[in-house]
Amino acid sequence: MEKNFRNSDFLHVGNKLLAWYKENARDLPFRKTKDPYKIWICEIVFQQTRINQGLNHYNNFIKRFPDVKTLAEAEENEVLLYWKGLGYYSRAINIHKAAQQIMTGHNGAFPAQYEDILQLKGIGKYTAAAVSSICFGGKMPAVDGNFYRVLSRVFADDFDVSNSRAFTYFSELAALIMPDNVGDFNQAMMDLGSEICKPKNPLCDECPLEDDCLAFSLDKVSDFPVKTKKVKTEDLHLKYYFVHHNGQFVVQQRKDDFIWKKLFEFPVSIPEEMEEFIKGLKTVHHKLTHKNLTIDIYNVEVTSDTVWNDFIIKNEYLITDFNGSQDKSFPKPLETYIQNSLKD
DNA sequence: AACGCGGGGAA
DNA sequence: TTCCCAGCGTT
């Protein structure tokens with residue numbers, strides 16, 4: 001793009017956006033508060049997550065963990081239970097650690113300064129800017145996917161949003177139109193990007209920035225944003241054994257690497273002498289963003305107390321039953337498998 | 001600077 | 001199918 005295009009005053013664009021937001025802001029639960037704890041939680045929940053998908057999780061989470069102290073004192077596994085089904089489970093692990101950071105490092109009071117907020121686990125430049133601007137009058141733009149899309153269209157800017165310098169680049173672009181009320185501006189950009197300036201089929205005739213949008217005037221809205229990085233998926237084959245005995249079954253907890261960090265799963269192998277108890281196999285297909293999973297689940301009904309006890313003791317496995325499984329967080333496909341087994 | 005990490009909805 | 005979503009931590 002021509003650099004001289006950016007040398008004029010674009011503040012009126014931001015002011016139009018604010019006026020639009022005043023009339024068209026979405027009615028969301030976390031819009032009624034400036035409690036930094038609640039804003040923080042909502043920012044984490046809705047990272048890479050659509051509002052409708054995470055709304056129930058957010059409400060349940062706030063109800064169970066209403067403040068920093070309650071969250072900090074909870075068990076990690078219970079925090080993960082409330083994150084069940086949301087994905088990106090390191091968010092739950094980090095949110096719990098950050099609560100403890102706030103207790104020990106800030107006497108339980110959420111830090112007000114951008115630099116201090118940025119030090120918390122799981123909080124990056126986007127979230128620090130969002131919380132500080134919405135709750136404490138901070139002046140940093142909360143640059144996210146909506147900013148990339150709206151700004152690249154308004155300025156018809158072909159800067160590649162998959163470039164690692166995109167955050168800095170679009171932060172500078174945002175500063176051109178950013179009014180004094182940065183908290184509302186940040187939220188307005190989110191609502192405009194979500195409701196009007198959508199990735200596909202944007203509602204340009206309803207957009208308050210239609211007269212200011214260079215891409216629209218060039219009839220090239222669909223050319224922006226430019227994104228070169230392509231989504232690549234790979235196939236992955238997993239195998240589990242659903243080992244059960246007298247209504248109980250064997251579970252173990254995953255490590256905090258790879259997928260489904262610290263969630264519970266079935267054992268991935270059984271001793272040879274147990275193979276005679278295999279009743280059948282169910283293959284489950286599950287799609288992740290970057291993986292197509294094929295999961296073979298062997299149904300192993302152990303009818304020998306000796307074999308069962310040896311297996312548990314030798315491997316130090318955890319045992320649960322169908323009721324107890326509700327207190328644990330399982331990966332989606334395994335959760336579905338357990339629920340279906342309950343019906344049989 | 002590049003990559004891995006979930007799950008669901010829209011087109 | 002493919003893309004995208006109130007991104008972040010690790011390497």
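Protein chains get the first letters and strands the later ones, always in sequence-line order, with residue 1 at the start of each.
Comparing C:dG9 with B:dG8, their P atoms are spaced 24 Å from each other, to the whole Å. Nucleotides B:dG4 and C:dA6, compared at atom P, are 23 Å apart to the nearest Å. Taking atom C1' in both C:dC8 and B:dG9, one finds a spacing of 23 Å when rounded to whole Å.
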Can you give me the N/O atom pairs linking the protein to nucleotides 1-3 of chain B at distances under 3.5 Å, or say none if there are none?
from: B:dA1; atom 1: OP2; to: A:S164; atom 2: OG; distance (Å): 3.4

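Contact check, A:K261 against B:dG6: no side-chain N or O comes under 4.0 Å of OP1 or OP2. Contact check, A:T289 against C:dC4: no side-chain N or O comes under 4.0 Å of OP1 or OP2. Considering only side-chain N and O atoms, A:Q47 lies nowhere under 4.0 angstrom from the phosphate OP1 or OP2 of C:dA6. Neither OP1 nor OP2 of B:dG7 sits under 4.0 Å from any side-chain N or O of A:W83.
For the pair A:K287 NZ and C:dC4 P, the interatomic distance rounds to 16 Å; values are reported in whole Å. One interatomic measurement links the two molecules: CG of A:D257 to P of B:dG6, which rounds to 11 Å at whole-angstrom precision. The distance from atom CG of A:N52 to atom C1' of B:dG7 is 14 Å, rounded to the nearest whole Å. Put simply, CD1 on A:I117 is 16 Å from C1' on C:dG7, counting in whole angstrom units. The separation between A:F46 atom CZ and B:dG8 atom C1' is 13 Å, rounded to whole Å. Separating the CG atom of A:L334 from the P atom of B:dG6 is a distance of 13 Å, rounded to the nearest angstrom. One atom, CD of A:Q48, and another, C1' of C:dG9, lie 13 Å apart when rounded to the nearest Å. Note: CD1 (A:I295) to C1' (B:dG6) measures 12 Å, nearest angstrom.
Taking the six-membered ring where tryptophan is involved, the planes of A:F264 and A:F330 are tilted, since the angle between them lies from 30° to 60°. Classification of the A:F110-A:F136 ring pair by plane angle, with boundaries at 30° and 60°, yields parallel.
Within a 6.0 Å radius of CG in A:D257, other residues, nucleotides and ligands contribute more than 12 heavy atoms. For A:K22, the NZ atom counts as loosely surrounded, since its 6.0 Å shell holds 12 or fewer non-hydrogen atoms of other residues, nucleotides or ligands. Other residues, nucleotides and ligands place more than 12 heavy atoms under 6.0 Å from the NZ atom of A:K261. Other residues, nucleotides and ligands contribute more than 12 heavy atoms inside 6.0 Å of the CG atom of A:D310.
Atoms OG1 and CD1, from A:T336 and A:I297 in turn, are 9.0 Å apart once rounded to the nearest 0.5 Å. Taking CG of A:L28 as the reference point, atom CG of A:L55 lies at 7.0 Å (rounded to 0.5 Å).
The A:K332 side chain lies nearest to B:dG7 when the options are C:dG7, B:dG7, C:dA6. Out of B:dG6, C:dC4, C:dA6, the shortest distance to the side chain of A:K227 is found at C:dC4.
Taking a 4.0 Å limit (strictly below) on heavy-atom distances, residues 87-104 of chain A reaches DNA chain B at A:G87, A:Y88, A:Y89, A:R91. Annotation: proximity of residues 134-150 of chain A to DNA chain C (heavy atom, distance under 4.0 Å) is found for A:D144, A:G145, A:N146, A:R149, numbered in ascending order. Within residues 186-210 of chain A, the residues that place at least one heavy atom under 4.0 Å from DNA chain C are, in residue-number order, A:M190, A:P199.
Ring-centre distance between A:F159 and A:Y169: below the 6.0 Å cut-off.
With respect to the salt-bridge test (charged N to carboxylate O, under 4.0 angstrom), the residues A:R165 and A:D160 do not qualify.
The base of B:dG9 has none of its N or O atoms less than 3.5 Å from a complementary donor or acceptor on the side chain of A:Q53. In terms of polar N and O atoms assigned as donor or acceptor, the side chain of A:R50 never comes within less than 3.5 Å of the base of B:dA10 in a complementary pairing.
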Which donor-acceptor pairs under 3.5 Å do side chains of residues 196-209 of chain A form with protein atoms, sequence neighbours excluded?
none

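For A:L120 and A:P225, each mapped to the nucleotide of DNA chain C holding its nearest heavy atom, the one lying further toward the 5' end belongs to A:P225.
With hydrogens and angles left out, the side-chain atoms of A:N315 and A:Q252 include no donor and acceptor closer than 3.5 Å. In the model, A:D144 has a side-chain atom that pairs as donor or acceptor with a side-chain atom of A:N146 under 3.5 Å. In this model, a donor atom of one side chain and an acceptor atom of the other lie less than 3.5 Å apart for A:E43 and A:Y126.
Residue contacts for A:I44: at a heavy-atom cut-off of 4.0 Å it reaches no nucleic acid atom on any strand shown. At a threshold of 4.0 angstrom between heavy atoms, the contacts of A:T233 with the nucleic acid are absent.
Taking hydrophobic clusters as Ile, Leu, Val, Met, Phe, Trp and Tyr residues chained together by side-chain heavy-atom distances below 4.5 Å, A:V302 does not share a cluster with A:F322.
Not a single side-chain hydrogen bond (donor to acceptor under 3.5 Å, both in side chains) links A:H290 to another residue, sequence neighbours left out.
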